[in-house]
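Atoms within each ligand, like the ligands themselves, are counted from 1 in listed order. From a predicted model like this one, the values you see are computed outputs, not experimental measurements.
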Amino acid sequence: MPIRISAVAYQSAPYHDMLALRRRLLREPLGLVLTQVQLAAERDQVHLALWYDDVVAGTLLLVRPDAAGTARLRQMAVTPPLRGRGLGVALVRHAETMLRRLGARRIALSARETVVGFYERLGYQVEGERFIEVTIPHLCMARML
Ligand SMILES: CC(C)(COP(=O)(O)OP(=O)(O)OC[C@H]1O[C@@H](n2cnc3c(N)ncnc32)[C@H](O)[C@@H]1OP(=O)(O)O)[C@@H](O)C(=O)NCCC(=O)NCCS
């Protein structure tokens, strides 16, 4: 498959392709927008793009490890025609390798309730109670590296 995964620079052309995908897959279905304040707060995060035939087809943002060694994954999405082919797993595994190199010992995330099973297959475990974020149910999940 003509697949590759790479980090893209904040405000670069592929960053804006990722942003369009995030809006289309993660915010518009919920009737929400990504605000300029939210986007400015992502400047220091790693913007990981999944490319298919040189088109951005998946996104994942990495929050660098904190002092306790916990990093976070967020804004995970793969374009619908390419789902179910292992690309989501490839994105998460690539992120874990990058974060390990950056000193992470644990990865945490807020999972939409509908995708808890996806992260469980990858070794993440639910921690705590269900909560509402961006209007829909979520669960905290984490995995030691
Ligand atoms: C979640 C998502 C990123 C998965 O991407 P994907 O490329 O389809 O995932 P993969 O093909 O790598 O799936 C790996 C495994 O997880 C399973 N899986 C995928 N989505 C799942 C889900 N929602 N629930 C349970 N299992 C799931 C697959 O069946 C596959 O299992 P297998 O190895 O036994 O075949 C994708 O469905 C998506 O973009 N969803 C919409 C956006 C979203 O909800 N993002 C998460 C925000 S927290």
Going through the checks in order, is the salt bridge (Lys or Arg N to Asp or Glu O under 4.0 Å) test met by Arg112 and Glu133? CA-CA 9 Å; Arg112 294 181 179 199; Glu133 193 173 270; over 6 Å; no
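- In terms of N/O distances under 3.5 Å, ligand 1 is approached by Val89.
- Residue-environment remark: CD (Glu129) stays at or below the threshold of 12 foreign heavy atoms within 6.0 Å.
- Listed by number with element, the atoms of ligand 1 under 4.0 Å from a non-hydrogen atom of Thr114 are 22 (C), 23 (N), 24 (N).
- The number of heavy atoms from other shown groups lying within 6.0 Å of CZ (Arg105) does not exceed 12.
- By heavy-atom distance, the residue among Arg83, Glu113, Glu120 lying nearest atom 41 (C) of ligand 1 is Arg83.
- The aromatic rings of Tyr124 and Tyr119 stand perpendicular to each other, their planes meeting at an angle above 60°, with 30° marking the opposite boundary.
- For Arg106 and Thr70, the side-chain atoms include at least one donor-acceptor pair closer than 3.5 Å.
- Of all protein heavy atoms, the one lying nearest to atom 31 (O) of ligand 1 is Arg121 NH1, 2.9 Å.
- Within ligand 1, the atoms closer than 4.0 Å to a non-hydrogen atom of Gly117 are 25 (C), 26 (N), numbered from 1 in the order shown.
- The proximity of Arg85 to ligand 1, defined as any non-hydrogen pair under 4.0 Å, is limited to the backbone.
- Among protein heavy atoms, the minimum distance from atom 7 (O) of ligand 1 is reached at Gly88 N, 2.9 Å.
- Protein heavy atom in closest approach to atom 4 (C) of ligand 1: Phe118 CE1, 3.8 Å.
- Within 4.0 Å of atom 17 (C) of ligand 1, at least one protein heavy atom is present.
- No side-chain donor-acceptor contact under 3.5 Å links Arg64 to the backbone of Ala71.
- Counting heavy atoms under 4.0 Å from ligand 1, residue Ser110 touches it through the backbone alone.
- Here's the thing with Val78: one of its N/O atoms is less than 3.5 angstrom from an N/O atom of ligand 1.
- The distance criterion of under 3.5 Å between nitrogen or oxygen atoms is not met by Arg112 with respect to ligand 1.
- Applying the 6.0 Å contact sphere to CD of Gln125 captures no more than 12 heavy atoms from other residues, nucleotides or ligands.
- For ligand 1, the polar-atom distance check finds an N/O of Met76 within less than 3.5 Å of one of the ligand's N/O atoms.
- Between Arg72 and Asp66 no salt bridge is recorded (no basic side-chain N to carboxylate O distance below 4.0 Å).
- Looking at Thr79, its side chain never comes within 3.5 Å of a backbone N or O of Leu82 through a donor-acceptor pair.
- Residue, atom and distance of the protein heavy atom nearest to atom 1 (C) of ligand 1 are Val115 CG1, 3.7 Å.
- Ligand 1 lies within reach of Leu26, whose nearest heavy atom is under 4.0 Å from it.
- Inclusion of Gly86 in the set of residues having an N or O under 3.5 Å from an N or O of ligand 1 is warranted.
- Between Ala111 and Val116, the shortest heavy-atom distance links the atoms CB-CG2, 4.3 Å.
- The atoms of ligand 1 that sit less than 4.0 Å from any heavy atom of Ala77 are 39 (O).
- Any N or O atom pair closer than 3.5 Å counts here, and Gly84 shares at least one such pair with ligand 1.
- Side-chain polar atoms of Gln11 and His16 form a donor-acceptor pair below 3.5 angstrom.
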